[in-house]
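Notes for the one structure printed next.
Basis for what follows: all heavy atoms, side chains included, without hydrogens, waters or symmetry-related copies.
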Amino acid sequence: MFSKTTSIYSIINFNKEDYSQIIKNIESSRGYISYIDSKLKKGITNPRYEKYLDLKQALYTFRPPVLPSNKTHLIAHQLPDGLTKNKLDNLNEKYGVQDDYYIDYKLINDQHGIKVYNYEAIPIECEIFNDSRRLDENFQNLNQSCLSDTFIMNNNRRFMMLPFLIKLEDKYVEPVVIVNVYDVGIITIQLIIYVEHDNVIQLTEAPPRFEKFPEVYFYKILQNYKVDDFWEKEVKYNLNADEIIEFYEKQLSTISKTKLKSNPNNRSMSWVFGDFELDKNADHRDFITKHKKLYVSHLTNGNKEVIERKTNEDIDELLKASEIDKNGQYAYFSSPTSSVVSVGYSAFLEKAKEALKDTAEELKKEGRYSDHLNQIFRVQTFNLIIQYYRFYELTFIKRYFLKELLTGISSGNYKTIKDYNAVKKELNFIKLQYDEEVLFFTEGSPKELYKSILEKTNVNKLLAKAEELVKSISEDTSIIRETRIKRNETLILILTSIMTILLGYTGIKLIVNDVLLNLPIIGEFFMRHPLRYTIGIWFVLILVMVGLNFRRWLINR
């Protein structure tokens, strides 16, 4: 068995003043599965959704769909407390039993050749509910194990959202949706879609990002959810991951009652490959070597035609350039486009066998051992995703802030000292809050992983570019400032000159009439034509002022 897990991130932003109100509105909407209250240090589940699942499981179990047709005797659980047969009849009449379930049964008695089993028809949503709760707790444990308490993540709320269902042929996929609301004014949405395949997938004609899912089932978008609302779903056909995440962007805007801004450019996609075909590639590096084109295809979002044109040397070089971690069990590759986690069966097999040791013999007789083994592989894959993609998310957020900063800089709006101080403050915020020394309170592999992802995804290059541009803004701002000062000085000089000229005539007239006319010898000379000499001296003053201003204009030009 081969598994491919698609993980897509999206970032949407909002006015950070609305943070508390958004949290309050999402909680009151009941449009989630669960969340963890960090202050109370406990998980909170949506009671309405939990009640819906209890009712649905009871209906599916006590109004069973098709059961195995053999001589085995099957018995059901007793009715849960508070639930009557009449209530189940009403639910069955109103909603019926669909095909979105799987049967789980356990041997409880084996006497005289007659085996008695206890069975449950479990809706797919129940499994998603358990996955979501488990992931939420694992996320919390990981955060507390390595992330600093003073880090900005301390002021956020993570919600495990209402799921969607994907139907592939006759099987349902069990996706998980995670939303993080940060008080700095951003929300991250993450979809995790785990799909099992009988064989290793092949290169496709379309880029991996545009893979289509034939049937996708959503709960309706409402401002507030009641128990009965969860029974109804709407189906959409041939959607890719981007189109699915757009649905959640709209749903978040509705249940938060807040205007949220989304941009398709603020999305990133990653994958997890699981080689779970037993006893074939004990060393996972052999599997990667055999299927290296598949890895490069997903790391570069390249379709079959593009990848097939590349030489083996090009493929090896691309894979090597993206490599962060690789050993006989795991591998992790990251590029500016996406990232791929890869795992071999040897990483999980011993733990899986240990978990099934008490029931292994019976499960093998019934032909269900491999199904239970694959179920454990799926759970372990989800746990593995957290170990890598928690830190990939942090780099994704840092890249988002840097790209927004660079976009603002490229718009050319930073022209004043105030503008420069604002962009410098924003850059310092990004550098400080997402620096590994601030993020992590302890040394170790998570910190080193984060640093490696920053390098492979070119986030460090973005930071260097932003710092260089901010430095250029400083120089440009200084030049603009000096130019404006010179222009201001020129204006002052012109105005001063005009005032000097206007007021100078009166002054010159007084000097001629009161001083020069009364001087011995030359007084008679000025007395003959006082007006002419006054105007002449005034005209010389005008020529001097005009000459000085023209000279300054030439210098400042």
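Under a 4.0 Å N-O distance rule, the pair Asp275/Lys280 does not qualify as a salt bridge. Remark: Glu468 does not engage Lys465 in a salt bridge, criterion side-chain N to carboxylate O under 4.0 Å. Ion pair Arg134/Asp131 flagged as a salt bridge, since at least one NZ, NE, NH1 or NH2 atom sits closer than 4.0 Å to an Asp/Glu carboxylate oxygen. Comment: Glu317 does not engage Lys320 in a salt bridge, judged by the lack of any side-chain N to carboxylate O separation of less than 4.0 angstrom. The pair Lys447-Glu437 meets the salt-bridge criterion, since a charged nitrogen lies less than 4.0 angstrom from a carboxylate oxygen. Using a cutoff of 4.0 Å between basic side-chain nitrogens and carboxylate oxygens, Glu305 and Arg309 are scored as salt-bridged.
In terms of heavy atoms, Phe213 sits closest to Leu168 at CD2-CD2, 4.5 Å.
Looking only at atom types and distance, the side chain of Glu211 has no donor-acceptor partner in the side chain of Thr204 under 3.5 Å away. Glu277 and Asn281 are not linked by any side-chain donor-acceptor pair at a separation below 3.5 angstrom, with hydrogens and angles left out of the test. Under the 3.5 Å distance criterion, with hydrogens and angles disregarded, a donor-acceptor pair is assigned to the side chains of Tyr217 and Glu215. Arg30 and Tyr32 form a side-chain donor-acceptor contact under 3.5 Å, judged by distance and modelled atom types alone. A donor and an acceptor atom, one from each side chain of Ser270 and Ser339, are located under 3.5 Å apart.
Taking the six-membered ring for Trp and thresholds of 30 and 60 degrees, Tyr450 and Phe440 have ring planes inclined between 30 and 60 degrees apart. Using cut-offs of 30° and 60° on the angle between ring planes, the pair Tyr194 and Phe382 is perpendicular. Aromatic ring pairs are classed by plane angle as parallel below 30°, tilted from 30° to 60° and perpendicular above 60°; the pair Phe377 and Phe348 is tilted. Classification of the Phe273-His298 ring pair by plane angle, with boundaries at 30° and 60°, yields perpendicular.
Residues that satisfy the ring-ring contact (aromatic ring centres under 6.0 Å, His included) test with Tyr389, not counting sequence neighbours, are Tyr392.
Screening Lys326, His284, Gln329 for a side chain to side chain donor-acceptor pair (under 3.5 Å) with Ser342, the sole residue that qualifies is His284. The only member of Arg267, Lys236, Lys212, Lys250 that meets salt bridge (charged side-chain N to carboxylate O under 4.0 Å, His left out) when paired with Glu243 is Lys212.
Residues Tyr49 and Tyr219 meet the side-chain proximity criterion, which asks for heavy atoms closer than 4.5 Å. The side-chain heavy atoms of Ile36 and Arg158, taken from C-beta on, include a pair separated by under 4.5 Å. Under the 4.5 Å side-chain criterion, counting only non-hydrogen atoms from C-beta, Thr188 is not in contact with Tyr400.
Atom CD of Glu467 is surrounded by more than 12 heavy atoms from other residues, nucleotides or ligands within 6.0 Å.
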Phe401 and Ile186: CA distance, side-chain angles, deciding distance, side-chain contact (heavy atoms from CB on, under 4.5 Å) verdict: CA-CA 10 Å; Phe401 278 122; Ile186 64 169; 4.2 Å; yes
Worked verdict on Ile192 versus Gln190 for side-chain contact (heavy atoms from CB on, under 4.5 Å): CA-CA 7 Å; Ile192 301 177; Gln190 182 186 10; 3.8 Å; yes
Criterion side-chain contact (heavy atoms from CB on, under 4.5 Å) on Ser7 and Tyr388, from CA distance to verdict: CA-CA 12 Å; Ser7 178; Tyr388 287 98; over 6 Å; no
Stepwise side-chain contact (heavy atoms from CB on, under 4.5 Å) test for Ile187 and Val179: CA-CA 7 Å; Ile187 298 175; Val179 162; 3.6 Å; yes
